[in-house]
Amino acid sequence: MFGGRTALLLRGLRPWLRVEPRRHRDSFRDFTKEFDKFRQKAKGILPGSDWTPLPISRDLPPEQADVVIVGGGVVGWSVAYWLKRNEPQSGAVRVVVVERDLSVSCLSSARYAKASTVLSVGGIRQQYSMPENIQMSLFSANFLRLIDEYLHVIGQPPVDVQFNPSGYLFLASDETAAILEENVKVQRMEGAKVSLLSPAELKKKYPWMNTDGVVLASCGLENEGWFDPWTLLNALRSKAISMGVYQSCGEVTSFTSDTTEMVTQDGEQIDFSRIKYVNVHMPNSTEYASIQCSLVVNAAGAWSSKVAEMAGIGTGPPDSISGVKLPVEPKKRYVYVWHCPDGPGLGFPMLIDTTGAYCRREGLGGNYLGGISPTEEEEPDIQDLEVDHEFFQEKVWPKLAHRVPCFESLKVKSSWAGYYDYNTFDQSPVIGLHPLVDNLYFATGFSGHGLQQAPAVGQAIAELILDGKYKTIDLEAFSFNRLIKGEKALERNVI
Ligand SMILES: Cc1cc2nc3c(=O)[nH]c(=O)nc-3n(C[C@H](O)[C@H](O)[C@H](O)COP(=O)(O)OP(=O)(O)OC[C@H]3O[C@@H](n4cnc5c(N)ncnc54)[C@H](O)[C@@H]3O)c2cc1C
């Protein structure tokens with residue numbers, strides 16, 4: 001643990017700390033740079049296998065761990081997997097994943113009733129505007145291609161995520177064509193294979209399409225399509241558990257932290273804290289278990305701002321760094337499945353209309369699924385996951401039937417709703433350490449594309465923890481610091 005050594009290092013930091021968080025947020029960058037130096041020194045003291053080995057009961061988590069991951073969705077399990085894969089020697093890092101949405105025995109993954117992972121539509125694309133997002137999805141596409149090499153567990157069947165290699169087809173109107181063209185330039189520079197199509201070319205390639213109002217389109221030629229989210233989640237989970245990750249059923253309800261005061265050269269006081277214990281409410285009981293830990297990862301998806309609050313984040317005075325909240329909220333999104341026997345066949349892509357409505361094939365029996373993100377005024381209540389069927393009739397169907405006229409006649413077969421882990425600040429993820437809670441990492445806020453980015457994000461967080469820096473993809477643009485500085489990481493292609 002960092003205990004006395006941390007205190008020693010922190011005392012050593014004081015002379016060069018220059019920070020006035022309330023008055024001059026610009027100086028924040030200098031301050032974080034200096035604090036990074038401290039982290040570099042502090043890294044390497046994960047106690048790992050030096051923890052006193054304790055008998056572990058099946059129902060209780062271990063009493064101590066190096067890394068506790070809050071949230072066992074695809075992101076949490078990916079972080080756990082990469083930590084074990086990249087640990088310097090087997091057993092060096094003790095990792096616990098705490099998940100509340102599991103069946104009580106913890107033996108099966110039968111529940112996951114609300115996790116976004118299992119309620120997503122499974123898409124992966126490289127058609128983004130930010131190089132970081134393109135790189136993450138390229139990494140994930142390669143991971144999915146080699147998934148059995150990464151995630152195979154001896155004695156279990158090969159992992160098959162049922163990848164459908166149908167590209168995304170983005171349609172642009174007069175207003176959005178120039179942006180689409182700019183995005184494609186960036187995508188190509190990052191190594192994505194994307195083609196541009198004129199309306200005439202579109203009509204030739206997709207004769208079932210009404211191209212009215214379409215000025216330009218872009219089509220992913222490889223590494224795009226959709227896959228089975230359950231299989232990816234279960235494969236990451238099984239592999240991580242086989243590598244020694246401990247899974248704990250229960251809800252993280254609070255943290256116990258140590259706070260260290262620092263005084264700047266100008267006499268201002270700043271409080272840094274470290275989470276020492278993660279407190280877990282055990283399912284169907286009044287019992288709590290406390291896990292003493294070195295580091296915590298907030299991978300709680302749509303609920304991650306609640307977890308951040310437990311660490312005091314966003315609870316300080318409004319104009320201070322500790323007053324900056326993690327702006328991630330659950331936003332409800334509907335998915336509808338319909339049957340249209342005369343609809344387009346195998347070559348039907350993941351179609352993103354000029355209106356934002358999307359749809360894709362679901363199998364080959366004339367079934368399709370789709371939806372649209374509601375406008376701010378239309379945002380539904382998030383108390384439950386009920387589906388609004390009129391939303392399909394009024395907002396989704398007319399748009400899709402206009403674009404794909406054979407959808408004028410269809411039969412809705414089923415539907416579901418899930419929560420986006422939506423970043424209300426800039427719709428981009430928040431990844432990396434918090435500047436004041438200095439052992440809390442974030443991997444959240446993916447706003448509709450976290451499934452496909454999970455393999456890359458898991459690797460990135462593992463690098464930050466084990467190596468103190470990003471090695472594969474630089475995700476600094478998504479750090480918490482941008483929220484403090486008010487600088488948006490704007491991705492233009494959010495669906
Ligand atoms: C309708 C829909 C369609 C989507 N389509 C796509 C798509 O095509 N492609 C794509 O890439 N992404 C898509 N997404 C987004 C994607 O599903 C999410 O970004 C991704 O699954 C986030 O993964 P996660 O592990 O962070 O969150 P989750 O899967 O929600 O996991 C977080 C877990 O944390 C647990 N948890 C929360 N708080 C606590 C606590 N206090 N204690 C213990 N456990 C806790 C929850 O129970 C939950 O299981 C879609 C999402 C939706 C809703």
Side-chain angles (χ1 to χ4, degrees), residues 19-29 31-32 35 68-71 73 75-76 98 100 116 251-262 264 268-281 293 295-331 376 379 382 419-447 450 461 464 475-490:
V19 61
E20 291 177 279
R22 256 160 282 175
R23 274 169 284 151
H24 300 298
R25 284 194 174 170
D26 288 351
S27 63
F28 183 73
R29 184 185 289 278
F31 146 71
T32 50
F35 204 71
V68 176
I69 299 168
V70 187
V75 172
V98 186
R100 65 180 175 198
S116 309
E251 178 165 9
V252 172
T253 51
S254 65
F255 298 127
T256 309
S257 306
D258 260 0
T259 302
T260 309
E261 289 172 8
M262 286 196 193
T264 67
E268 186 138 9
Q269 184 191 310
I270 300 197
D271 291 342
F272 288 97
S273 63
R274 293 190 68 78
I275 298 169
K276 303 254 310 184
Y277 293 90
V278 175
N279 305 313
V280 184
H281 181 213
C293 63
L295 305 173
V296 178
V297 179
N298 182 350
W303 304 273
S304 46
S305 67
K306 288 211 171 99
V307 174
E309 262 177 47
M310 292 175 203
I313 292 164
T315 60
D319 200 23
S320 67
I321 295 177
S322 58
V324 179
K325 288 182 190 305
L326 176 71
V328 176
E329 287 177 12
K331 296 261 185 195
E376 234 172 279
E379 277 297 349
I382 55 160
Y419 297 118
Y420 269 17
D421 47 328
Y422 189 91
N423 180 343
T424 57
F425 178 67
D426 60 8
Q427 300 182 52
S428 283
V430 180
I431 299 174
L433 265 175
H434 189 270
L436 298 185
V437 187
D438 124 274
N439 61 345
L440 177 61
Y441 292 78
F442 295 102
T444 183
F446 295 94
S447 310
I461 296 284
L464 277 187
L475 297 180
E476 207 44 55
F478 297 136
S479 77
F480 196 97
N481 297 354
R482 80 180 192 277
L483 309 174
I484 295 166
K485 289 190 266 169
E487 289 170 5
K488 296 191 177 190
L490 268 187

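- Here the side chains of Val437 and Ile275 are in contact, with some heavy-atom distance below 4.5 Å.
- Applying the salt bridge (Lys or Arg N to Asp or Glu O under 4.0 Å) test to pairs two or more places apart or on separate chains, those with a residue in residues 419-433 are Asp426-Arg482.
- Across Lys325 and Leu483, no two heavy atoms sit closer than the pair O-CD1, 4.3 Å.
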Check against side chain to side chain contact (heavy atoms under 4.5 Å, CB included), Arg274 and Asp438: CA-CA 6 Å; Arg274 293 190 68 78; Asp438 124 274; 2.4 Å; yes
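- Every residue two or more places apart in sequence or in another chain that forms a ring-ring contact (aromatic ring centres under 6.0 Å, His included) with Phe480 is listed here: His434, Phe442.
- Donor-acceptor pairing under 3.5 Å is lacking for the side chains of Asn279 and Thr253.
- What you find for Ser428 and Asn423 is that their closest heavy atoms are O-ND2, 2.7 Å.
- Nearest approach of Ser322 to Leu436, heavy atoms of both residues: N-CD1, 4.0 Å.
- Side-chain contact between Ile431 and Ile461 is present, with heavy atoms from C-beta onward closer than 4.5 Å.
- Across all non-hydrogen atoms, the minimal contact from Ser273 to Ser257 is CB-CB, 4.4 Å.
- Across Gly301 and Val328, no two heavy atoms sit closer than the pair O-CG1, 3.8 Å.
- In this structure, OH on Tyr422 lies 6.5 Å from OG on Ser447, to the nearest 0.5 angstrom.
- To the nearest 0.5 angstrom, Glu487 atom CD is 8.0 Å from Phe425 atom CZ.
- We find the CG-CD distance between Asp271 and Glu261 to be 5.5 Å, quoted to the nearest 0.5 Å.
- Both tests do not hold together for Lys331 against Tyr419: distance to the six-membered ring centre under 6.0 Å, angle to the ring axis within 45°.
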Residues Val70, Val296; criterion side chain to side chain contact (heavy atoms under 4.5 Å, CB included); working and verdict: CA-CA 7 Å; Val70 187; Val296 178; 4.0 Å; yes
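- Within the 4.5 Å cutoff, the side chain of Ser479 has no heavy atoms near those of the Pro435 side chain.
- For the side chain to side chain donor-acceptor pair (under 3.5 Å) condition, the pairs that include at least one residue of residues 295-307, sequence neighbours left out, are Ser304-Thr444.
- Counting only heavy atoms from C-beta outward, the side chains of Ile313 and Leu440 approach each other to under 4.5 Å.
- The shortest distance between side-chain heavy atoms of Val68 and Val297 does not fall below 4.5 Å.
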